[in-house]
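First up is the structure itself, then whatever we jot down about it.
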Amino acid sequence: MSSEVSARRDAKKLVRSPSGLRMVPEHRAFGSPFGLEEPQWVPDKEADQASEVPGQYHLAMGLQACCDPLGKCRRCMQCDAKFDFLTRKHHCRRCGKCFCDRCCSQKVPLRRMCFVDPVRQCAECALVSLKEAEFYDKQLKVLLSGATFLVTFGNSEKPETMTCRLSNNQRYLFLDGDSHYEIEIVHISTVQILTEGFPPGEKDIHAYTSLRGSQPASEGGNARATGMFLQYTVPGTEGVTQLKLTVVEDVTVGRRQAVAWLVAMHKAAKLLYESRDQ
């Protein structure tokens, strides 16, 4: 990859949306696959204008439940408080629903929508965003740093020692050894975390079929991640390509880093599925 192309992929710009300032990719095609689209909603100052056209407001909101027949949001969707001069209406920046100040008072970072500053969110969304903050503050750094694995492509019987890491723009998985490979994250269809640590004879595989799955391997009692199985498509080719990452057992420090990378990738796969399902 040339430095010019790399710079274009990583370029960002500051934009102002109804919800606040966002630092977004210069080119939409290079956005993070873990990101979420900002929900459409009508700010308070435009609500009266929108209500002049029946249905216009809930088309913008995508939520008929919060609107009356004229298309205006009248009550808090959490406590049912009626909006008036004293009880003002607010919108959650994550879900787009309308709430009173008491039910939508928390300002929490929302990295998946690229907001520069913490933004107002309802209690339910704030809890989710706080949990996701751990991924961006800790696990994303692990993925960007990379780890060393034995990598087996397809049906090959000979694994290759390679460093696997996430690209800075979060769109590619880079594998570097004697050769270099790039896998676009959005083309990954299946992720399986291989684990062990159960009674003799028992093995466990935490799997995402189309990126659906369970808790990370590290949360499964004594289970220990030993590798990962990926399936992905290559643009311009037919069928599915697969590869297997196996933790190198004879290097203690490297093994610890590799296991942390697998757990972080498992969390990333969950976020990727949520983004696709939005």
Side-chain angles (χ1 to χ4, degrees), residues 12-25 28 31-138 140 211-215 267-268 270-278:
K12 294 185 178 182
K13 62 182 178 180
L14 188 66
V15 299
R16 181 180 294 278
S17 74
S19 300
L21 288 174
R22 301 171 66 214
M23 184 64 74
V24 300
R28 185 181 178 86
S32 169
F34 309 122
L36 294 174
E37 292 293 331
E38 185 180 1
Q40 295 182 358
W41 56 272
V42 178
D44 287 345
K45 64 181 180 180
E46 297 177 12
D48 293 330
Q49 207 172 26
S51 66
E52 296 175 4
V53 182
Q56 181 176 334
Y57 186 84
H58 39 95
L59 280 176
M61 284 286 298
L63 297 162
Q64 293 186 5
C66 70
C67 305
D68 65 10
L70 291 178
K72 188 173 181 180
C73 187
R74 298 288 187 180
R75 294 180 178 275
C76 173
M77 296 190 69
Q78 179 65 38
C79 69
D80 203 39
K82 185 177 180 180
F83 298 129
D84 53 30
F85 182 75
L86 296 178
T87 306
R88 291 196 58 197
K89 168 173 57 225
H90 299 279
H91 291 84
C92 172
R93 270 52 174 175
R94 185 181 181 110
C95 67
K97 298 177 183 178
C98 49
F99 301 91
C100 66
D101 180 71
R102 185 179 63 178
C103 296
C104 192
S105 61
Q106 298 186 64
K107 289 191 175 182
V108 177
L110 185 47
R111 303 273 293 276
R112 294 185 73 182
M113 290 184 188
C114 304
F115 285 108
V116 174
D117 301 309
V119 292
R120 187 184 292 269
Q121 297 179 56
C122 65
E124 183 177 353
C125 287
L127 183 60
V128 175
S129 294
L130 286 172
K131 289 181 178 179
E132 291 175 350
E134 181 181 358
F135 170 78
Y136 283 94
D137 293 337
K138 298 179 181 179
L140 182 58
L211 299 175
R212 296 176 183 266
S214 55
Q215 294 298 312
K267 176 62 176 177
K270 283 189 171 184
L271 298 185
L272 179 58
Y273 172 74
E274 291 172 2
S275 297
R276 290 180 179 178
D277 195 44
Q278 186 183 37

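None of the values given here were measured: they were computed from a predicted structure.
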- Short question: side chain of Arg88, backbone of Asp101 - any donor-acceptor pair under 3.5 Å? no
- Message: Taking the basic N atoms (NZ, or NE/NH1/NH2) and the acidic carboxylate oxygens, is any pair closer than 4.0 Å for Arg94 and Glu132?
- Response: yes
- Message: SG to SG below 2.5 angstrom is the rule I want applied to Cys73 and Cys98. Does it hold?
- Response: yes
- Task: Under the salt bridge (Lys or Arg N to Asp or Glu O under 4.0 Å) rule, what do Asp137 and Arg111 come out as? Steps first, then yes or no, please.
- Result: CA-CA 10 Å; Asp137 293 337; Arg111 303 273 293 276; 3.2 Å; yes
- Message: If I take atom CZ from residue Arg93 and atom NZ from residue Lys107, how far apart are they, to the nearest 0.5 angstrom?
- Response: 8.0 Å
- Item | Atom of Ala268, atom of Phe34 and distance for their closest heavy-atom approach | O-CE2, 3.3 Å
- CD (Gln106) with more than 12 external heavy atoms under 6.0 Å: yes
- Query: Considering all heavy atoms of both residues, which atom of Pro25 and which atom of Lys13 are nearest to each other, and what is their separation?
  - Reply: O-CE, 3.9 Å
- Query: Just by modelled atom types, is the Leu271 backbone N or O under 3.5 Å from a matching donor or acceptor in the Arg112 side chain?
  - Reply: yes
- side-chain contact (heavy atoms from CB on, under 4.5 Å) assessment of Cys79 paired with Arg102: CA-CA 9 Å; Cys79 69; Arg102 185 179 63 178; 3.8 Å; yes
- Hey, what do you get for CG (Leu130) to CD (Gln121), rounding to the nearest 0.5 Å? 7.5 Å
- Message: Could you report the tightest heavy-atom contact between Ser19 and Val119, atom names first, then the distance?
- Response: O-CG1, 4.0 Å
- Query: Can you name the closest pair of heavy atoms from Ala126 and Val108 and give their distance?
  - Reply: CB-CG2, 3.8 Å
- Message: If I compare all heavy atoms of Glu38 with all of Met113, which pair ends up nearest, and what's the gap?
- Response: CA-SD, 3.9 Å
- From Glu124 atom CD to Gln78 atom CD, the distance as rounded to the nearest 0.5 Å: 8.0 Å
- Query: So do Ser17 and Phe115 actually touch side chain to side chain, heavy atoms under 4.5 Å?
  - Reply: yes
- Side-chain contact, heavy-atom cut-off 4.5 Å: Phe83 with Cys76? yes
- Task: Output yes when a side-chain donor or acceptor of Arg120 lies under 3.5 Å from a complementary backbone atom of Cys104, and no otherwise.
- Result: yes
- Interatomic distance, SG@Cys103 vs CG@Asp80, rounded to 0.5 Å, equals 10.0 Å
- Item | Value rounded to 0.5 Å, distance of SG in Cys125 from NZ in Lys97 | 7.5 Å
- Output for pair (Leu36 CG, Cys114 SG), nearest 0.5 Å, gives 9.5 Å
- Nearest heavy-atom approach of Thr87 to Asp84 is N-OD1, 2.6 Å
